[in-house]
*Asks:* 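Submitted below is the structure of interest, expressed as structure tokens.
What you are looking at is a predicted structure, and each value in this text was computed from that prediction instead of being measured. Below, all heavy atoms of this structure are taken into account, side chains as well, without hydrogens, waters or symmetry copies.
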Amino acid sequence: MANFAKSSVPRFSAEVYQNEYLPEGGREVNAIVTVTATGGGTSGGLPLFAAGTDAGGLGAARGHGNPGAVRHAGVVIMVDCSGSMDYPPTKMRNARDATAAAIEAVRDGVAFAVVAGTHQAAEVYPGGGRLATADPTTRAQAKEALRKLSAGGGTAIGTWLRLTDRLLTDADVGIRHGILLTDGRNEHESPQDLRATLDACAGRFTCDARGVGTDWEVKEVTGIASALLGTADIVADPSGLAADFTRMMEAAMGKEVADVTLRLWTPQGAEVAFVKQVAPSVADLTGRRTDSGPRTGDYPTGSWGDESRDYHICVRVPAAEVGQEMLAARVSLVLPESGGATSQTLAQGLVRAVWTDDMAASTTINPQVAHYTGQAELAQVIQQGLEARKSGDADGATAKLGRAVQLASASGNEDTAKLLAKVVDVVDAATGTVRLKAKVTEADEMTLETRSTKTVRVKK
């Protein structure tokens, strides 16, 4: 394990957990890499560091409450104002209250804006194609501007995201973040148009997405968050929006470093089978690789505050004889320098392969690898089980959701176990014996689907 840090800059570390022993001819190497960022330091809760603000890619902002604070971070709140937000009328009021609460959580010096989303996107505050700098005056003005929000029109989420991208890009901020609220399906643009927008916005800003009520499409909302490296969740009761928006904004305000990538080097003859984030949630990064050098690829991780995440890396290496060993992969956390020509290494870890004829050594599965393999399967079987249930395949749904109950119980994932218990009657958790419930509320089913990728860490 290696650490690299500057004074008052978040300290990154990378720890590798694996069983490096392979049987003769064995080729597959699995490892869990735990990446932790700590000790960045804040002033009054304001994130102090962002990519691209000095030669090292990390720049300090002046403190909270200082009118000259550096506008190094920007956030845009996108509020669904389509016609369905008027049913019931309290939904629009809750959305206005939630947006006001989020605005109150924006720290002094952070750039921000509010966008109203229908079949088109409109700037609510401050307008003029720009972001405002947060202080007591602008926060009050923004909350007053929310009175203009009213429901009417259709839903074209891609237009909201493109306007957010323009606002954040024109503001020239280092940490770029969006918060998106919708209550319905994206009916006024094609899935292809939304996909093109997500492809265009990926890597340009992160975005947390929330679905309110039960009339929205889970795969749309989770797909937006996944593409833009944010979180997704359901707020089934609109009265919970204010608390949820406050938590989201406070989390966004804690981000200190943007555009960190996981860089993977593999030797000649080796190939990367997959790279997945496995905690705090499952996200497959394999298809997001961009080549960054000979036998080297970068995988995006987005913005970081004081936090820890786990990644599962699987590499196929050339087969070798007993007694041989090799470096199977070098894992680095890197931050592009200004202009992107070079990068700063924040932390590094090594994945090894050693061939042995010791059967016990080569067949032992590392506990972290086993745990997260189970957590990834848990997310998959929940989604498969719910799909089977929707299609009327009761036997398939029972088998998949029973396996999910078994995995959740074995891994100690109590939150997921509780959500599963609202969809199935658990007869025996240890064996995965369950019965489908005759009646399941739409909110309970959507909550399970939306949160199916959330994981728990390995038991210590």
*Asks:* Looking just at side-chain N and O atoms, do R176 and T169 make a donor-acceptor pair shorter than 3.5 Å?
*Replies:* no
*Asks:* Is there a donor-acceptor contact under 3.5 Å from the side chain of Q375 to the main chain of V456?
*Replies:*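 Yes, because the side chain of Q375 sits within donor-acceptor range (under 3.5 Å) of the backbone of V456.
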*Asks:* Taking NZ, NE, NH1 and NH2 as the nitrogens, is one of them in R139 or E144 under 4.0 Å from a carboxylate oxygen of the other?
*Replies:* no
*Asks:* Looking at D291 and G297, would you say the former's side chain and the latter's main chain have a donor-acceptor pair under 3.5 Å?
*Replies:*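 Not a single qualifying donor-acceptor pair exists.
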*Asks:* Between H177 and D208, does any side-chain donor sit less than 3.5 Å from a side-chain acceptor?
*Replies:* yes
*Asks:* When you check the side-chain N and O atoms of S190 and R195, is any donor under 3.5 Å from an acceptor?
*Replies:*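 No, because no side-chain N or O of S190 sits under 3.5 Å from a partner of the opposite role on R195.
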*Asks:* I need the full list of salt bridge (Lys or Arg N to Asp or Glu O under 4.0 Å) pairs touching residues 110-122, with sequence neighbours left out, sorted by first then second residue.
*Replies:* none
*Asks:* Is there a donor in the side chain of T290 and an acceptor in the side chain of D298, or the other way round, less than 3.5 Å apart?
*Replies:* no
*Asks:* Would you say T38 and D306 are linked by a side-chain donor-acceptor pair, where the criterion is simply a distance under 3.5 Å?
*Replies:*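 No, T38 and D306 have no side-chain donor paired with an acceptor closer than 3.5 Å.
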*Asks:* Any chance the side chains of R162 and T197 put a donor and an acceptor closer than 3.5 Å?
*Replies:*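 Their side chains do contain a donor-acceptor pair, which is all the 3.5 Å distance test asks for.
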*Asks:* Side chains of L161 and L194: does their closest heavy-atom pair fall under 4.5 Å?
*Replies:* yes
*Asks:* Could you tell me the separation between the CZ atom of R309 and the OG1 atom of T34, rounded to the nearest 0.5 Å?
*Replies:*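 Answer for the CZ-OG1 pair, R309 versus T34, is 12.5 Å.
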*Asks:* How far apart are the C-alpha atoms of D284 and K276, what are their side-chain angles, what is the distance that settles it, and do they pass the salt bridge (charged side-chain N to carboxylate O under 4.0 Å, His left out) test?
*Replies:* CA-CA 4 Å; D284 194 343; K276 298 177 183 177; 5.2 Å; no
*Asks:* Does the E28 side chain pair with the main chain of C314, one donor and one acceptor, at a distance under 3.5 Å?
*Replies:*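 Not a single qualifying donor-acceptor pair exists.
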*Asks:* Side-chain contact test, heavy atoms from C-beta onward, threshold under 4.5 Å: evaluate it for L419 versus R451 and give yes or no.
*Replies:*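 When only atoms from C-beta onward are counted, R451 and L419 do touch, with a gap below 4.5 Å.
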*Asks:* How long is the straight-line distance from CG of L448 back to CE of M446, given to the nearest 0.5 Å?
*Replies:* 11.5 Å
*Asks:* A side-chain contact here means heavy atoms from C-beta on lying under 4.5 Å apart; do V33 and E15 qualify?
*Replies:*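 No, too far: nothing below the 4.5 Å cut-off.
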*Asks:* Within a strict 4.5 Å, meaning less than it, do heavy atoms of the R289 and V275 side chains meet?
*Replies:* no
*Asks:* Provide the closest heavy-atom pair for P294 versus W265 in the form atom of the first, atom of the second, distance.
*Replies:*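 Smallest interatomic distance, heavy atoms only, reads O-CD1, 3.8 Å.
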*Asks:* Taking atom CG of L407 and atom CG of N413, what is their separation to the nearest 0.5 Å?
*Replies:* 10.0 Å
*Asks:* Are the side chain of E123 and the backbone of G129 linked by a donor-acceptor contact shorter than 3.5 Å?
*Replies:* yes
*Asks:* So, T453 versus S281: side-chain donor-acceptor pair below 3.5 Å or not?
*Replies:* no
*Asks:* Which pairs with one or both residues in residues 205-235 pass ring pair (Phe, Tyr, Trp, His ring centres under 6.0 Å), sequence neighbours excluded?
*Replies:*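 Pairs touching residues 205-235 that pass the test: none.
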*Asks:* Is the backbone N or O of V278 less than 3.5 Å from a side-chain atom of T455, with the two atoms forming a donor-acceptor pair by type?
*Replies:* yes
*Asks:* Could you tell me if the side chain of D259 sits less than 4.5 Å from the side chain of I175, heavy atoms only?
*Replies:*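 I175 vs D259: side chains apart.
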*Asks:* Within the distance-only criterion (no hydrogens, no angle test), does the side chain of E449 pair as donor or acceptor with the backbone N or O of T447 below 3.5 angstrom?
*Replies:* no
*Asks:* Which word best sums up how the rings of H312 and F274 line up, parallel for under 30°, tilted for 30 to 60°, or perpendicular for over 60°?
*Replies:*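 Ring orientation of H312 relative to F274: perpendicular.
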*Asks:* Can you find a pair of side-chain heavy atoms, one from C201 and one from L228, that are under 4.5 Å apart?
*Replies:*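 Touching, per the 4.5 Å side-chain cut-off.
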